[in-house]
Number of protein chains: 2
Amino acid sequence: MEPSQQPRPFRRRDPLSTREAILCAARELVAERGPEGMTISEVAHRAGVNRGTAYQHFRNRGELATAVHDWFGGTLAMLLSSDLPVSERIDRFLEFIVGHPEYARLWIDEMLSIPNGRPNESWKTFVAALEVFAESIGAQPGIDPERLGRILVSAPLVWSLWANRAVTEEDRSLEVRHFSHEIKRMLLFGVLNPEAWPEMVAEVAKPALADKAQ
Amino acid sequence: MEPSQQPRPFRRRDPLSTREAILCAARELVAERGPEGMTISEVAHRAGVNRGTAYQHFRNRGELATAVHDWFGGTLAMLLSSDLPVSERIDRFLEFIVGHPEYARLWIDEMLSIPNGRPNESWKTFVAALEVFAESIGAQPGIDPERLGRILVSAPLVWSLWANRAVTEEDRSLEVRHFSHEIKRMLLFGVLNPEAWPEMVAEVAKPALADKAQ
DNA sequence: GAATTAATCAACAACGTTGTTGATTAGATG
DNA sequence: CATCTAATCAACAACGTTGTTGATTAATTC
C-alpha cells in the first residue's frame with residue numbers, strides 16, 4: 001500500500017446525521033444477519049464512515065447493539081397503539097411490517113431475548129389493551145390475553161419476513177391481501193368447525209388449569 | 001506456555017459419536033446465538049474435541065452449517081405428520097417444541113431464510129395435508145391453507161422460546177397448558193364475536209383478491 | 001505381529017475484528 | 001482573525017477465527 005498523494009478526503013461534518021447513518025446501517029445489518037452478525041467494521045463500511053468514527057459515537061459493539069435495541073423499543077409503542085377500526089389496524093400493521101423487514105427481525109429477536117434484556121413496557125400496555133378487549137362484547141368469551149397476544153404478534157412477524165421473498169411490489173401487496181384475509185377470517189370464525197369436534201369443545205370449556213388434573 | 005511433560009492425552013477413537021458430538025454442539029450453538037453466532041472453535045470446545053478434528057469431519061464452517069440444516073429437515077417431517085387426534089397432536093407438538101428450544105430456533109431461522117436455502121419438502125406435505133383438511137367437514141369454510149399454515153406453526157415456535165424463560169419445570173408445563181388451552185379455544189371459536197363485527201364479516205365474505213378492488 | 005488406514009491433535013499463517021491512540025482539520029466561539 | 005472543541009480518520013497492537021499441514025497413534029487388516 002503506497003502512501004496516497006492526495007490529501008485525506010474528509011467528509012462534511014455533521015455528527016447528528018453521521019450517528020444516524022451508523023445506527024441505520026447497524027439496524028440493517030442486525031436485520032440481515034441477526035444480532036451476532038453485526039460487526040462494527042461492516043456497519044462503518046455501509047455507513048460510509050471510518051471505523052474509528054463509529055467508536056467516537058458508540059463506546060463499543062455492545063453499546064451500538066443496545067442503541068439499536070432502544071431505537072426499536074421507541075417505535076414499538078407507536079405501532080401497537082392506535083384508534084383505527086380493527087380491520088384497518090390489521091392492514092396497516094401488516095403493511096408496515098412487510099415494508100420494514102428489519103423491524104420484524106428485530107422484534108423477533110426482542111421476543112426471544114427478553115430474559116437478558118430489560119422488561120418491555122410497550123408489550124405490557126398492549127396486553128393490558130387486550131385484557132380490556134377480552135371483557136368487551138366484541139370478543140369471544142374465555143380469551144387468555146397474554147397468550148393470545150403472543151399469537152397475534154408473532155404470526156404476522158414471521159410471515160412478513162417470509163413474504164418479503166416476493167420480488168415485485170405487486171406480489172408483495174398481493175401476499176399482504178391474502179394474509180390479511182386469512183387472519184381476519186380466523187379471528188372471526190376460527191379454524192375448526194365446533195360441531196365436528198365435540199370432545200375438544202368440552203375440553204376447552206374447562207379452564208386451562210383443570211385440563212389435565214385428576 | 002511450557003511444553004507439557006505428559007504424553008498427549010488422546011481420546012478414545014469413535015468417529016461416529018465424535019461426529020455426533022460435534023453436530024450436537026453445533027445445533028446447540030446455532031440455537032443459542034443464531035446461525036452467525038456459531039464458530040468452529042466454540043463448537044469444538046463444547047464437543048470436547050480438538051478444532052482440527054472438527055475439520056476432519058466437516059470441510060469448513062459452511063459444511064457444518066448445512067449439516068445442521070439437514071439434520072433439522074430430517075426431523076421436521078416426523079413432527080408435522082402424525083395420526084393422533086388433533087387435540088393430542090397439538091399438545092405433543094407444544095411439549096416437544098418447548099422441550100427442544102434449539103429446534104424451535106432452527107425452525108424459525110429456516111422459515112426466515114428460505115430464499116437462500118433449498119425448498120423445504122416437509123413444509124409442502126404439511127400444506128398439502130392442510131388443504132385436505134380445509135375441504136373436510138371438520139374445517140371452517142374458506143380457509144387459506146398456505147397462510148394458515150404459517151400462522152399455526154410460527155406462533156407456537158415464537159411462543160415456545162419465550163416460554164422457556166420459565167425456571168422451574170412446573171412453570172414450564174403450566175405455561176404449556178395455558179397456551180394449549182388458548183390455541184385450541186382460538187381454533188374452535190376464533191377471537192372476535194362475529195355478531196359485533198358485521199362489516200368485517202362482510203369483508204371476509206368476499207374473496208381476498210376482490211377486497212380492495214374497484 | 002507387521003503394515004495400513006485414518007482419527008486425533010498441536011502448531012502455523014492468513015485474515016478479520018476489536019478497541020486505542022494520535023494526527024488532522026471542520027466548524028464553533030471569542 | 002485567533003483559539004478551541006470535537007469530528008473524522010489512519011495506523012497499531014491484541015485477539016479470535018479460519019483453514020492447512022504434519023506428527024502421533026488407535027484401530028483395522030492382512
Side-chain angles (χ1 to χ4, degrees), chain A residues 1-69, chain B residues 1-69 109 116:
Chain A
M1 193 193 284
E2 71 269 25
S4 72
Q5 296 303 88
Q6 311 161 357
R8 198 177 349 167
F10 270 91
R11 60 200 325 266
R12 195 53 154 276
R13 291 189 180 176
D14 185 352
L16 278 163
S17 63
T18 298
R19 186 188 165 92
E20 192 45 49
I22 294 170
L23 253 177
C24 181
R27 286 198 297 266
E28 204 181 289
L29 222 83
V30 171
E32 273 176 37
R33 308 195 190 159
E36 305 286 333
M38 182 199 73
T39 70
I40 303 257
S41 294
E42 179 70 10
V43 167
H45 179 67
R46 289 205 190 187
V49 155
N50 184 283
R51 209 167 50 80
T53 302
Y55 278 95
Q56 178 88 2
H57 288 270
F58 303 92
R59 201 184 309 264
N60 52 32
R61 211 194 97 105
E63 195 164 289
L64 179 53
T66 65
V68 169
H69 182 280
Chain B
M1 191 192 287
E2 70 267 27
S4 72
Q5 296 303 89
Q6 310 162 1
R8 202 184 339 174
F10 269 91
R11 60 201 324 266
R12 196 52 155 273
R13 291 190 179 176
D14 183 354
L16 278 163
S17 63
T18 298
R19 187 189 164 91
E20 193 44 50
I22 294 170
L23 252 177
C24 182
R27 285 199 297 267
E28 204 182 290
L29 221 83
V30 171
E32 273 176 35
R33 309 194 189 158
E36 304 286 333
M38 183 199 73
T39 70
I40 303 254
S41 294
E42 179 70 10
V43 166
H45 179 68
R46 289 205 190 186
V49 155
N50 185 284
R51 209 167 51 79
T53 302
Y55 278 95
Q56 179 87 4
H57 289 270
F58 304 91
R59 200 185 310 264
N60 51 33
R61 210 194 96 104
E63 196 164 288
L64 179 53
T66 65
V68 169
H69 182 278
D109 283 332
N116 311 339

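The structure presented is a predicted model; accordingly, all values stated were derived computationally and were not measured. Letters go in sequence order (proteins before strands), and every chain restarts at 1.
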Atom CG in B/Asn50, atom OG1 in B/Thr18: separation rounded to 0.5 Å?
11.5 Å
A/Phe58 has an atom CZ; how far is it from atom P of D/dA7, in whole Å?
12 Å
When rounded to the nearest 0.5 Å, the distance separating NE2 of A/His57 from CD1 of A/Ile22 is 4.5 Å
Run B/Leu23 and B/Phe58 through side chain to side chain contact (heavy atoms under 4.5 Å, CB included) and show every step you take.
CA-CA 10 Å; B/Leu23 252 177; B/Phe58 304 91; 3.9 Å; yes
Taking only side-chain nitrogens and oxygens of B/Gln56, does any of them come within less than 4.0 Å of OP1 or OP2 of C/dA7?
yes
Between P on C/dT20 and CZ on A/Arg61, what's the gap in Å once rounded to a whole number?
15 Å
Provide, to the nearest angstrom, the distance between the CG atom belonging to A/Asn50 and the P atom belonging to C/dG22.
17 Å
Kindly point out which of D/dC9, C/dC9, C/dT8 is positioned nearest to the side chain of B/Val49?
C/dC9
Spacing between A/Ile22 atom CD1 and D/dC9 atom C1', to the nearest angstrom:
12 Å
Separation of D/dG19 C1' from B/Glu63 CD (nearest whole Å)
13 Å
Relative to the 5' end of DNA chain C, which residue comes earlier, A/Gly52 or A/Glu42, by the nucleotide with the nearest heavy atom?
A/Glu42
Quick one: does any side-chain atom of A/Arg46 pair with a main-chain N or O of A/Cys24 as donor and acceptor, under 3.5 Å?
no
Assuming nearest nucleotide by heavy-atom distance, tell me which of B/Arg51 and A/Ile40 is located more 5' along DNA chain C.
B/Arg51
Angle of first-five versus last-five pair axes in the helix from C/dG1-D/dC30 to C/dG30-D/dC1, to 10 degrees
10°
Hey, is the main chain of A/Met38 close enough, under 3.5 Å, to the side chain of A/Arg61 for a donor-acceptor pair?
yes
In whole angstrom, give the distance that lies between atom CG of A/Leu29 and atom P of C/dT17.
11 Å
Spatial distance of atom CD (A/Glu63) from atom NE2 (A/His69) [nearest 0.5 Å]:
14.5 Å
Figure out the CE/C1' separation between B/Met38 and D/dG16, and round it to whole Å.
15 Å
Closer than 4.0 Å, any side-chain N/O of B/Thr18 to the OP1 or OP2 of C/dT8?
yes
A/Arg59 CZ to C/dG19 P, in whole Å, measures 12 Å
Which listed nucleotide (C/dT8, D/dT8, C/dT17) is nearest to the side chain of B/Thr53?
C/dT8
Approximate separation, where rounding is to 0.5 Å, of B/Arg19 CZ and B/Leu64 CG
9.0 Å
Where the side chain of B/Asn60 is concerned, which of C/dT18, D/dG19, C/dT8 is the nearest nucleotide?
D/dG19
